[in-house]
Amino acid sequence: MNSATPGLTATEFTGPRPADAPSIDELRASGMQINTVEQGAEIIVQLAQLGPDGQTGTFVGNEGPLPW
């Protein structure tokens, strides 16, 4: 079994944003990495396509293995 994180991904899942919160575009313009849904899904799709003898016991993001 593996675990994955899509990273900070712009979705509607988290619910409404406060009126005074910066927009996704403003956050991106400030240099914050915010994935699109497609970018966030990349690692999840990769893990779903592993064969029965693929690597297990990992926690990964789009950039590779994570230390925890």
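Bear in mind that the values here come from a model prediction, so they are computed numbers and not experimental data.
Across all non-hydrogen atoms, the minimal contact from Pro6 to Gly40 is CB-O, 3.3 Å. Smallest separation of non-hydrogen atoms from Leu47 and Ser3: CD1-O, 3.9 Å.
To the nearest 0.5 Å, the span separating CD on Gln33 from OG1 on Thr9 amounts to 9.0 Å. Rounded to the nearest 0.5 Å, atoms OG1 (Thr36) and CD (Glu42) are 7.5 Å apart. With rounding to the nearest 0.5 angstrom, the CD atom of Gln39 is 11.0 Å from the CG atom of Leu8. The distance from atom CG of Asn2 to atom CD1 of Ile43, rounded to the nearest 0.5 Å, is 9.0 Å. For the atom pair OG1 of Thr11 and CD1 of Ile24, the computed distance is 8.5 Å after rounding to the nearest 0.5 Å. Rounded to the nearest 0.5 Å, atoms CD1 (Ile44) and CG (Asn62) are 8.5 Å apart.
Gln46 is not listed as a side-chain neighbour of Leu50, based on a closest heavy-atom distance of 4.5 Å or more.
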